[in-house]
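Have a look at the structure below, then the notes.
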Amino acid sequence: MNVFVQLFIIVYLFRWRETADGHWTGVMRGKVWTLTQTEDTLWYYVYNHQKNPGTENRQKQKVEEEEQLLGKRSKRMIDVKQEEVGMCTVMSEPDIEEEELLRDYFQLGVKLGDLYRDWSTADPHFKHTANIFTGVRLLRQDPVECLFSFICSSNNHISRIQGMVDRLCQTLGTLLCKIDDVAYHDFPPLQDLTDPSVEMRLRDLGFGYRARFLQQSSQIIVNSHGPDWLQSLRSAPYLQARDALRTLPGVGLKVADCACLMSLDKFEALPVDTHVWQIAKRDYNFAAGNSQKTLTDRVYKEIGDFFRKLWGPYAGWAQSVLFCADLKKFQKLREEVPVMKDEKTELKNKMKKRRYDGYKEEQKREKGNKHQRS
């Protein structure tokens with residue numbers, strides 16, 4: 001499977017679209033990009049706004065990195081047929097700043113191969129899954145766009161969230177580019193979301209109660225913290241950043257953890273929903289909360305702690321691999337690499353012995369220490 005497609009599924013990038021086979025177009029850092037990938041190379045187009053649309057040669061520019069999506073530097077360029085692109089022109093020269101933006105966005109400093117090996121050593125179930133779903137990488141998204149997109153996710157599904165984020169950008173964001181009759185807008189700045197009239201405008205666009213959360217959260221951030229507050233949380237400890245986000249309307253544990261993991265550099269943040277809860281119970285014999293129908297804050301914390309102990313400081317990244325592997329649209333991939341019955345039994349026995357039981361023993365020791373201190 002194409003690694004790049006996995007990336008765009010797993011991180012809930014609500015504004016990227018597959019505009020051609022294996023080619024994804026969307027907005028990142030105030031620019032419109034089209035990205036595609038070969039086995040070891042990430043290729044990109046960058047579009048510039050142009051008042052008088054013209055026709056230019058497209059050139060695929062590649063970003064490279066050791067071991068990951070990038071290889072050794074190459075000056076090779078591939079010419080693409082001349083094409084009309086509406087209100088945009090394609091940058092024809094490589095740009096070092098743009099390549100650095102991509103390196104940051106794809107977090108190419110993270111040695112994903114090393115992490116996969118560490119997780120596979122610690123976790124037999126992950127090892128099997130990793131053989132099928134290689135290269136799932138979390139992206140470093142803009143904190144404002146990431147947080148406010150996930151506020152829209154409350155009691156929602158992905159396609160509807162995508163529609164909401166698109167309408168939000170089209171209504172309040174700056175028009176960046178128009179390609180093949182599709183308009184691409186930047187995400188609106190916080191200041192443009194603070195006006196009280198924004199809530200009614202968003203309600204008219206179908207946001208429901210989330211409209212109030214978006215308007216009030218932006219107002220609190222701008223008036224009480226300043227427009228750069230979310231960026232500043234990247235340097236704060238994980239729990240401090242998560243607790244700070246939870247003071248905002250519409251931000252619970254899962255939304256805060258999504259923002260921490262996908263935009264604030266908190267790699268140990270582990271968003272838990274009912275889907276992840278089922279993975280913990282089904283594949284890791286995690287029994288906490290089995291008698292409950294809803295995911296409580298206590299069970300949420302226990303699941304996160306369990307996986308953090310199992311996978312280490314990049315637990316949020318490891319969870320993303322399993323989440324991706326469990327999506328229905330990827331089930332055919334799992335069927336292509338069947339697990340033999342004896343292997344299934346071995347995996348279950350190892351996990352029972354090394355994972356959940358060990359976790360419960362540690363919980364008992366902690367309770368005993370608390371009792372002694374009291």
Side-chain angles (χ1 to χ4, degrees), residues 8 11-17 24-34 46-51 86-88 98 101 104-105 139-154 156 158-179 181-234 244-245 247-251 255-256 258-260 262-264:
F8 274 72
V11 296
Y12 289 110
L13 290 181
F14 301 120
R15 292 205 297 144
W16 288 85
R17 299 290 184 273
W24 294 77
T25 302
V27 178
M28 188 265 289
R29 307 293 196 266
K31 298 182 179 182
V32 181
W33 307 65
T34 292
V46 181
Y47 303 89
N48 272 1
H49 177 75
Q50 180 176 304
K51 292 182 179 179
M87 295 172 59
C88 302
E98 287 164 356
L101 286 177
D104 178 74
Y105 192 57
L139 309 188
R140 193 176 193 236
Q141 301 177 53
D142 174 74
V144 174
E145 179 171 348
C146 183
L147 175 64
F148 281 74
S149 296
F150 277 106
I151 289 176
C152 294
S153 72
S154 175
N156 224 338
I158 293 178
S159 61
R160 190 159 181 262
I161 301 166
Q162 288 175 332
M164 284 184 175
V165 176
D166 280 342
R167 293 193 295 275
L168 174 64
C169 296
Q170 291 166 8
T171 303
L172 298 172
T174 301
L175 176 62
L176 297 174
C177 198
K178 191 173 183 181
I179 307 169
D181 295 324
V182 177
Y184 292 87
H185 294 75
D186 204 1
F187 198 86
L190 278 172
Q191 290 87 340
D192 291 355
L193 297 172
T194 59
D195 192 279
S197 64
V198 168
E199 179 182 347
M200 188 54 63
R201 294 180 70 181
L202 294 181
R203 284 185 180 275
D204 291 341
L205 292 173
F207 281 69
Y209 63 87
R210 303 169 195 86
R212 176 170 55 86
F213 293 156
L214 293 171
Q215 190 275 326
Q216 290 184 352
S217 290
S218 62
Q219 192 173 58
I220 290 172
I221 292 173
V222 171
N223 293 342
S224 300
H225 303 291
D228 297 327
W229 178 65
L230 289 176
Q231 286 278 354
S232 72
L233 292 180
R234 283 180 167 172
L245 293 176
T247 63
L248 300 172
V251 181
V255 170
C258 286
C260 282
M262 301 176 195
S263 67
L264 298 181

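For this chain, numbers begin at 1 and follow the sequence in order.
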Here the gap from Met28 atom CE to Trp16 atom CH2, rounded to the nearest 0.5 Å, amounts to 5.5 Å

For Ala211 versus Glu199, what's the shortest heavy-atom pair and its separation? CB-O, 3.4 Å

Just one of Val27, Val46, Val182, Asp186 clears the side-chain contact (heavy atoms from CB on, under 4.5 Å) bar with Val32, so which one? Val27

So does Asp166 pair up with Arg17, basic N to acidic O under 4.0 Å? yes

Considering all heavy atoms, the nearest Ala259-Leu245 contact: CB-CD1, 3.9 Å

Could you go through Leu147 and Leu248, starting from their C-alpha distance and side-chain angles, then the distance that decides it, and tell me whether this counts as side chain to side chain contact (heavy atoms under 4.5 Å, CB included)? CA-CA 10 Å; Leu147 175 64; Leu248 300 172; 3.8 Å; yes

Rounded to the nearest 0.5 Å, what separation is found between the CE atom of Met164 and the CD1 atom of Ile151? 12.5 Å

Spacing of Thr194 atom OG1 and Leu214 atom CG [to the nearest 0.5 Å]: 12.5 Å

Check: Thr34/Thr25 side-chain N/O donor and acceptor closer than 3.5 Å: yes

Distance, nearest 0.5 Å, that separates CD of Gln141 from OG of Ser149: 7.5 Å

Counting only N and O atoms by type, is there a donor-acceptor contact under 3.5 Å from the side chain of Ser217 to the main-chain atoms of Pro249? yes

Shortest non-hydrogen contact from Phe207 toward Cys152: CE2-SG, 3.7 Å

Mind checking the CG-CD spacing from Leu190 to Gln219? Nearest 0.5 Å is all I need. 11.5 Å

Please test Tyr184 against Ile179 for side chain to side chain contact (heavy atoms under 4.5 Å, CB included), starting from the C-alpha separation and ending with a verdict. CA-CA 8 Å; Tyr184 292 87; Ile179 307 169; 4.1 Å; yes

Heavy-atom closest pair, residues Pro188 and Leu193: CG-CD2, 4.1 Å

Side chains of Val255 and Ser154 in contact at under 4.5 Å (non-hydrogen atoms): no

Arg140 CZ to Arg29 CZ distance, which is reported to the nearest 0.5 Å: 7.0 Å

Derivation of the side-chain hydrogen bond (donor to acceptor under 3.5 Å, both in side chains) call for Arg234 and Gln231: CA-CA 6 Å; Arg234 283 180 167 172; Gln231 286 278 354; 3.3 Å; yes

Residues, nucleotides or ligands: over 12 heavy atoms within 6.0 Å of Arg201 CZ: no

Please determine whether side chain to side chain contact (heavy atoms under 4.5 Å, CB included) holds for the pair Val165 and Phe148, giving the CA-CA distance in whole Å, both sets of side-chain angles, and the decisive distance to 0.1 Å. CA-CA 9 Å; Val165 176; Phe148 281 74; over 6 Å; no

Minimal non-hydrogen separation, Val198 against Asp192, with atom names: CG2-O, 3.5 Å

Ser224 side chain reached by Trp229 side chain, heavy atoms, under 4.5 Å: no

Is the Phe213 ring parallel, tilted or perpendicular to the Tyr209 ring (thresholds 30°, 60°)? perpendicular

State, to 0.1 Å, how close Gln191 and Pro227 come at their nearest heavy-atom pair, and which atoms those are. NE2-CB, 3.5 Å

